[in-house]
Amino acid sequence: MDQSSSRYSTKTASSNTLAFLNGSARDIAPQLLGYIFERTLHNGTILRGKIVETEAYDQTDTASHSYRGVTPRTEIMFGPSGHLYVYFTYGMHYCCNVVTGPTGEGAAILIRALEPLIGQEDMELRRSRHGIELTNGPAKLCQALAIDSSLNGQDLHNSPLRLIVPAKRDKVEIVQTTRIGISTAKDVRWRFYYRNNSYVSKMRG
DNA sequence: AGCGGGATTTTCT
DNA sequence: GAAAATCCCGCTT
């Protein structure tokens, strides 16, 4: 494996390049910033967005779906890392996570915001919005990229939704703060985002 | 700019 | 039966 070519070319993640997901969600969540989601629709349309906001959830965490153990909903979180966990909430919204940790541990990273790179026009049709409103929230980005329960459990190495290693690391400051929309563990600072990126959800200022 | 309510269904107590 | 890792709209300031 040629180190320089993997560092400077944008290519589909091999099983090797996503091996870093087999660790703690807390540590991986900031590392996932800058990675790229590539969605291939049934008609062949390619959509891409860069991850700019993440939140970690693990089994020790009262706010995590996995806290109370394996259920029909959470079994994907307990499966192998590098797969996608999609859940449905509030009767109308999907949110998506990247599963982390070894098989048997229930952990995942919620993707809260993307910066669109390719396919903005297609996202606009699905969202009926434009600009930052395409992908500045966990359910918004799922609607923009047509992510629903049919993708739950898919392998991010090779599926209609793939995780791509960035060509080069962004030189952007990462902010660490508390998570959004939860009623317990409000003080746990497991939310990470790129400072000053306009696609981050609930930006103030 | 900020608050309040409605939508709508899966999941777990 | 209540809450939910949310979003959107309308009203008030």
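The chains referred to below are lettered A, B, ... by the order of the sequence lines, with proteins before strands, and numbering in each begins at 1.
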Practice task
Using a 4.5 Å cut-off on heavy atoms from C-beta on, say whether the side chain of Asp122(A) contacts that of Arg126(A).
Solution key: yes
Problem - Face-on cation placement of Arg179(A) at Phe192(A) ring, 6.0 Å and 45° thresholds - result: no
Exercise for the section: May I ask you to decide whether Lys140(A) forms a salt bridge with Glu133(A), counting only side-chain N to carboxylate O separations under 4.0 Å? Expected result: yes
Problem - Dot-bracket summary - DNA chain B, pairs being Watson-Crick or G-U whose distances fall under 3.5 Å, with | when paired to another strand - result: |||||||.||||.
Exercise for the section: Using modelled atom types only, decide if a donor and an acceptor are shared between the side chain of Asp170(A) and the backbone of Gly34(A) within a distance under 3.5 Å. Expected result: no
Practice task
Please find out if less than 6.0 Å separates the ring center of Tyr57(A) from that of Tyr85(A).
Solution key: no
Practice task
Give a yes or no answer on whether the side chain of Arg112(A) reaches the backbone of Glu53(A) with a donor-acceptor pair at less than 3.5 Å.
Solution key: no
Completion exercise
Counted 5' to 3', the first and last nucleotides of DNA chain C within 4.0 Å (strictly under) of a heavy-atom of chain A are dA4(C) to dC9(C)
Practice task
For the residue pair Asn152(A) and Ser149(A), confirm or rule out a side-chain donor-acceptor distance under 3.5 Å.
Solution key: no
Practice task
Indicate whether OP1 or OP2 belonging to dC12(B) is found under 4.0 Å from a side-chain N or O atom of Thr71(A).
Solution key: yes
Problem - Stepwise side-chain contact (heavy atoms from CB on, under 4.5 Å) check, Leu114(A) with Phe37(A) - result: CA-CA 8 Å; Leu114(A) 298 177; Phe37(A) 263 168; 4.2 Å; yes
Problem - Exam field: side chain Glu38(A) to backbone Leu47(A), donor-acceptor pair closer than 3.5 Å - result: no
Practice task
Strictly below 4.0 Å, heavy-atom distances to any atom of DNA chain B: list the hits from residues 99-119 of chain A, or just say none.
Solution key: none
Practice task
Ignoring hydrogens and angles, tell me if any N or O in the side chain of Gln143(A) forms a donor-acceptor pair with the backbone of Ala139(A) under 3.5 Å.
Solution key: no
